[in-house]
Amino acid sequence: MNGSSRYLICEGREIHYTEWGADHPAVVIAWHGLARTGRDMDDIAAHLSTRYRVICPDTIGRGLSQWSPAPETEYCLAFYARQALSLMEQLELGEVSWLGTSMGGALGIHLAAGALKGRIRRLILNDIGPQLGEAAVNRIRSYAGNPPQFDRLSELEQYFRTVYKPFGWLSDEQWRRLAETSARRTADGKVTPHYDPKMVVQFTHHPQDYDQWEAWDAIDVPTLCLRGENSDLLLPEVAEAMRSRGPRAVVVTIPGCGHAPALNVPDQFALVERFFNGR
């Protein structure tokens, strides 16, 4: 089963999303990480689509979504949240479950405490919390803000295999798909990651975006946090605090990976599915 590719205008910008299991009434929104695309969710979406309608957006400036003409004001959680709300209204979605990797999880925190309070039924955060590890932020900014360019797609794939090694195990086929769904050609024919490098202005123009303890304490829905065993973004002490504050998250450590688990193997499928099914 394959997802269907669709587009909507949200807050004046074209947003691409992939939809799986369109006939099911129960909805999961699966939102990707900072420099990634909604296609990262293909494996988990295909698995969930036997029971759920799964919506996997490309954030503005990523994948097939429009790049922002106003990066300083639109590449931030507040604007992403407005677009998410617009997407939901146009799709006539009421309650949803939310699965967010990294930035997509931070957006889930923002929404569960704010515009979607009472409408997010269950929240899964994939290696993200209300406070980030500073070393990880610096690491991500260093590669995301200045994406390399290559002559060959195979070279881009090798780059992804290196920089995304913390994702854990991926099959050769999954690495190839990640590369093919994360590539764009530049004007001079090079291949480079498929996002607007200006999206990193979020860290300079909205430096408090990821400091979300106040929002965390306002969340009152069942919350599951998946933490990569070697994650440098979600530090152990932050994950521990998440167990005792706000929604008192269930925290599960995923062995053999860092930031962030790729949600592509049966054990991870089972964790997500059991939680969304209320078990």
Side-chain angles (χ1 to χ4, degrees), residues 1-8 15-33 36-59 63-65 84 87-102 104-105 107-108 111-112 116 119-128 167-178 180-182 221-228 249-257 260-279:
M1 181 179 181
N2 293 317
S4 300
S5 184
R6 306 191 187 284
Y7 295 84
L8 283 173
I15 294 299
H16 170 259
Y17 66 98
T18 309
E19 181 176 30
W20 305 73
D23 295 335
H24 298 297
V27 178
V28 171
I29 293 183
W31 209 292
H32 65 82
R36 304 297 311 133
T37 82
R39 295 296 304 278
D40 281 10
M41 297 294 186
D42 279 10
D43 294 306
I44 188 71
H47 181 81
L48 291 173
S49 67
T50 60
R51 183 164 180 166
Y52 295 94
R53 180 185 182 189
V54 188
I55 309 291
C56 308
D58 288 345
T59 310
L64 298 176
S65 289
L87 185 82
M88 286 182 59
E89 287 170 353
Q90 292 183 68
L91 295 177
E92 299 181 343
L93 304 180
E95 281 193 347
V96 299
S97 295
W98 189 281
L99 168 61
T101 292
S102 194
L107 180 57
L111 285 164
L116 291 182
R119 290 175 65 186
I120 291 182
R121 189 180 69 87
R122 283 179 171 255
L123 176 63
I124 298 182
L125 307 173
N126 184 24
D127 209 63
I128 189 77
F167 283 11
W169 180 87
L170 279 77
S171 68
D172 287 343
E173 183 182 348
Q174 288 169 336
W175 279 119
R176 177 61 46 83
R177 186 182 70 219
L178 183 149
E180 290 178 348
T181 59
S182 307
V221 296
T223 302
L224 170 67
C225 176
L226 307 177
R227 180 181 182 271
V250 175
V251 179
V252 177
T253 299
I254 307 296
C257 58
L263 304 178
N264 66 326
V265 292
D267 286 353
Q268 294 170 27
F269 293 164
L271 282 166
V272 170
E273 188 172 26
R274 266 203 311 269
F275 186 75
F276 281 156
N277 292 350
R279 299 199 301 273

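Note that the structure is predicted; figures quoted are calculated from it, not measured.
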Visitor: Which pair of heavy atoms, one from G100 and one from I128, lies closest together, and at what distance?
Guide: O-CG2, 4.4 Å

Visitor: Should T223 and C225 count as side-chain neighbours, where that means a heavy-atom distance under 4.5 Å?
Guide: no

Visitor: Between CG of D43 and CZ of R177, what distance do you get to the nearest 0.5 Å?
Guide: 4.0 Å

Visitor: Looking only at atom types and distance, does a side-chain atom of T101 sit under 3.5 Å from a main-chain N or O of G104, one as donor and one as acceptor?
Guide: no

Visitor: Return the minimal non-hydrogen interatomic distance between R122 and F275, and the atom names on each side.
Guide: NH1-O, 2.9 Å

Visitor: Taking everything shown except R176 itself, do over 12 heavy atoms lie less than 6.0 Å from its CZ?
Guide: no

Visitor: Please work out which of the three classes, parallel, tilted or perpendicular, describes the rings of W175 and F167, given edges at 30° and 60°.
Guide: parallel

Visitor: I'd like to know if the side chain of H24 and the backbone of S49 have a donor-acceptor N/O pair within less than 3.5 Å.
Guide: yes

Visitor: Taking the side chain as everything from C-beta on, heavy atoms only, tell me whether Q268 gets closer than 4.5 Å to I254.
Guide: yes

Visitor: So do the side chains of E273 and L48 get within less than 4.5 Å of each other, counting heavy atoms only?
Guide: yes

Visitor: Rounded to the nearest 0.5 Å, how far apart are NE2 of H16 and SG of C56?
Guide: 10.0 Å

Visitor: Could you tell me which non-hydrogen atom of L111 sits nearest to which non-hydrogen atom of A84, and how far apart they are?
Guide: CD1-CB, 4.0 Å

Visitor: If I compare all heavy atoms of V54 with all of A30, which pair ends up nearest, and what's the gap?
Guide: CG1-CB, 4.3 Å

Visitor: Does a donor on one side chain and an acceptor on the other come within less than 3.5 Å for Y52 and N277?
Guide: yes

Visitor: For N264, run the side-chain contact (heavy atoms from CB on, under 4.5 Å) check against L178, L170, I44 and tell me which one passes.
Guide: L170

Visitor: For the atom pair CG (L263) and CG (D42), what is the distance rounded to the nearest 0.5 Å?
Guide: 12.0 Å

Visitor: Mind checking the CG-CG spacing from L125 to L226? Nearest 0.5 Å is all I need.
Guide: 8.5 Å

Visitor: Under 3.5 Å, is there a donor-acceptor pair linking the side chains of T253 and R227?
Guide: no

Visitor: Any chance you could lay out the side chain to side chain contact (heavy atoms under 4.5 Å, CB included) test for H47 and V272, step after step, and finish with the verdict?
Guide: CA-CA 10 Å; H47 181 81; V272 170; over 6 Å; no

Visitor: Test H32 against every option in T59, D40, D58, T37 by the side-chain hydrogen bond (donor to acceptor under 3.5 Å, both in side chains) rule and name the one that passes.
Guide: T59

Visitor: With rounding to the nearest 0.5 Å, note down the distance linking CE in M41 to CG in N126.
Guide: 7.0 Å

Visitor: Which heavy-atom pair separates R36 from S182 by the least distance, and what is that distance?
Guide: NH2-OG, 2.8 Å

Visitor: Determine the minimum heavy-atom distance between Y17 and P57, stating which atoms define it.
Guide: CB-CA, 3.6 Å

Visitor: Kindly write out the residues that satisfy salt bridge (Lys or Arg N to Asp or Glu O under 4.0 Å) with R53, not counting sequence neighbours, or none if the list is empty.
Guide: E19

Visitor: Between R121 (side chain only) and F276 (backbone N and O only), is there a donor and an acceptor less than 3.5 Å apart?
Guide: yes

Visitor: Taking R119 for its side chain and L93 for its backbone only, find out whether a donor-acceptor pair lies under 3.5 Å.
Guide: yes

Visitor: Can you tell me how far the CD1 atom of I55 sits from the CH2 atom of W98, to the nearest 0.5 Å?
Guide: 11.0 Å

